[in-house]
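Lettering of chains follows the sequences in order, A, B, ..., and the numbering in each one begins at 1.
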Number of protein chains: 2
Amino acid sequence: MNCSLARALGAVGDWWTLLIVRDAMFGVKRFSDFQQSLGIARNILSARLERLVAADILSRQGTAARPLYELTAKGQALLPALVALMQWGDAWEVNGAPPVLVTDAAGRKVKPLEVRSPSGAVINGATVQFSPGPGADRRTRAFFKALQAAKDD
Amino acid sequence: MNCSLARALGAVGDWWTLLIVRDAMFGVKRFSDFQQSLGIARNILSARLERLVAADILSRQGTAARPLYELTAKGQALLPALVALMQWGDAWEVNGAPPVLVTDAAGRKVKPLEVRSPSGAVINGATVQFSPGPGADRRTRAFFKALQAAKDD
DNA sequence: CTGTATCCTTAAAGATACTG
DNA sequence: CAGTATCTTTAAGGATACAG
């Protein structure tokens with residue numbers, strides 16, 4: 001599919017994978033620790049870790065007998081997406097107080113993520129616009145063209 | 001699971017659901033348009049739309065015979081998460097140019113999302129910290145305690 | 001047009017036992 | 001400790017036909 005989101009979901013778009021990445025952000029590095037933390041079956045965890053290493057989101061460090069799984073730069077780059085989802089979950093899905101705080105090194109809570117234009121203005125779901133980019137294929141262009149035509153009605 | 005991310009994933013954590021929300025952000029409103037845009041089976045789309053309406057992420061407008069699915073405030077609040085994933089996909093998963101641009105109303109590309117501390121300093125995967133929040137249960141607290149102990153080794 | 005109802009096939013997940 | 005190998009069960013998805 002000609003869409004960045006679909007490609008992102010292809011890499012981290014299932015339940016367990018994102019939770020593994022979250023645990024890795026927390027500092028979990030060992031097979032058994034992931035397994036215990038997530039309550040995931042061993043064979044599933046094994047497959048997911050393998051996929052994440054193949055996708056260069058995790059790297060296998062330590063010894064072969066006692067590996068450590070650590071986030072690569074690509075994996076660390078998922079932080080905004082992860083935080084955005086956690087903040088949304090806190091704001092809209094959880095009744096009551098957030099179970100996990102995201103902070104800087106000094107323990108200060110991070111700010112809510114906001115989409116901003118180059119001028120710094122906050123963009124929301126009502127003001128955001130989408131358009132075909134330079135990498136759009138014919139189908140994507142046709143899709144947006146039809147969408148625009150429908151709006152003009 | 002005592003985690004905001006898990007709850008977020010429970011609501012929008014499968015492949016199709018997030019793509020439907022993305023289409024809704026684009027401005028797609030009709031059953032047949034979702035179906036055509038995504039290439040999803042009708043029964044699956046039906047089930048997903050129903051779930052999204054039940055979760056108050058979409059609302060059913062228009063007539064009963066010809067409904068329009070529109071994002072609620074809760075659905076629109078997914079914009080940062082969606083944009084974060086798209087930006088990550090563009091930066092790390094796609095070779096070449098981005099297929100879709102996210103812009104403000106004037107057509108200016110939005111800035112990359114960044115996690116920031118209250119002081120405005122950018123926080124990345126290396127400097128971020130996590131800690132149990134007020135809503136943490138015993139298990140979550142024990143988890144972070146064990147994690148801290150492991151780091152002290 | 002917007003679904004619902006069925007059937008079928010495949011894939012994912014869990015449990016468990018075993019290996020280096 | 002860190003997996004692999006198997007087996008079984010369940011759920012998800014797709015195709016298609018039908019209904020309001």
Side-chain angles (χ1 to χ4, degrees), chain A residues 1 3 5-6 9-24 27-55 57-71 143 146-147 149-150 153, chain B residues 1 3 6 9-24 27-55 57-71 143 146-147 149-151 153:
Chain A
M1 199 178 286
C3 169
L5 178 62
L9 292 178
V12 296
D14 67 291
W15 175 273
W16 286 128
T17 300
L18 256 195
L19 289 177
I20 290 171
V21 171
R22 178 208 61 170
D23 266 18
V28 173
K29 295 183 194 307
R30 298 209 167 282
F31 186 93
S32 57
D33 291 334
F34 284 110
Q35 207 261 320
Q36 194 161 21
S37 162
L38 298 172
I40 184 178
R42 306 169 85 77
N43 50 354
I44 308 298
L45 176 59
S46 178
R48 285 293 176 283
L49 288 173
E50 198 169 347
R51 253 182 55 185
L52 284 166
V53 170
I57 291 167
L58 293 179
S59 72
R60 194 184 241 119
Q61 306 293 329
T63 67
R66 203 134 193 283
L68 295 169
Y69 293 94
E70 297 183 3
L71 288 169
F143 171 74
L147 210 57
D153 281 353
Chain B
M1 199 180 282
C3 169
L9 292 177
V12 294
D14 67 291
W15 176 272
W16 286 128
T17 299
L18 255 195
L19 290 177
I20 290 172
V21 171
R22 177 208 60 169
D23 267 17
V28 175
K29 295 185 195 307
R30 299 210 166 281
F31 186 92
S32 58
D33 292 335
F34 284 111
Q35 207 260 320
Q36 193 162 22
S37 162
L38 298 171
I40 183 178
R42 306 168 88 77
N43 51 353
I44 308 296
L45 175 59
S46 177
R48 286 292 177 283
L49 288 174
E50 199 169 349
R51 252 182 55 186
L52 284 167
V53 169
I57 292 168
L58 293 180
S59 71
R60 194 185 243 122
Q61 306 293 331
T63 67
R66 204 134 191 281
L68 295 169
Y69 294 94
E70 296 183 4
L71 288 169
F143 171 74
L147 209 59
K151 267 182 199 153
D153 281 354

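In this structure, A:S32 reaches the D:dA2 phosphate: one of its side-chain N or O atoms is under 4.0 Å from OP1 or OP2. Checking the phosphate oxygens (OP1, OP2) of D:dC1, no side-chain nitrogen or oxygen of A:Y69 falls inside 4.0 Å.
With sequence neighbours excluded, the residues forming a side-chain contact (heavy atoms from CB on, under 4.5 Å) with B:D23 are A:F143, B:F26, B:V28, B:F34, B:S37, B:L38, listed by chain and number. Residues passing the side-chain contact (heavy atoms from CB on, under 4.5 Å) test with B:A41, sequence neighbours excluded: B:N43, B:I44. Residues that satisfy the side-chain hydrogen bond (donor to acceptor under 3.5 Å, both in side chains) test with A:D14, not counting sequence neighbours, are A:T17, A:R48. Considering only residues two or more places apart in sequence or on other chains, B:R42 meets the side-chain contact (heavy atoms from CB on, under 4.5 Å) condition with B:F31, B:Q35. Residues forming a side-chain hydrogen bond (donor to acceptor under 3.5 Å, both in side chains) with A:R51 (at least two apart in sequence, or on another chain): none. Taking the side-chain contact (heavy atoms from CB on, under 4.5 Å) definition, one finds that B:A47 meets it with nothing, sequence neighbours left out. Residues passing the side-chain hydrogen bond (donor to acceptor under 3.5 Å, both in side chains) test with B:S59 are B:Q61, sequence neighbours excluded.
With axes fitted over five pairs at each extremity, the angle between the ends of the helix from C:dC1-D:dG20 to C:dG20-D:dC1 is 50° (10° resolution).
On the nucleic acid side, DNA chain C contacts chain B at distances under 4.0 Å to non-hydrogen atoms, with the end points of that region at C:dC1 to C:dT6.
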| task | Would you give a per-nucleotide map of nucleotides 9-20 of chain D, 5' to 3', where B means the base has a protein non-hydrogen atom under 4.0 Å away, S means only the sugar-phosphate does, and - means neither? | result | ----BBB-----
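When heavy atoms are screened at a 4.0 angstrom cut-off, B:F34 is found touching no nucleic acid atom at all.
For the atom pair NZ of B:K29 and CZ of B:R60, the computed distance is 15.0 Å after rounding to the nearest 0.5 Å. Atom CG of residue B:L68 and atom CG of residue B:L58 lie 11.5 Å apart, to the nearest 0.5 angstrom.
At least one donor-acceptor pair under 3.5 Å links the side chain of A:R30 to the backbone N or O of A:P67.
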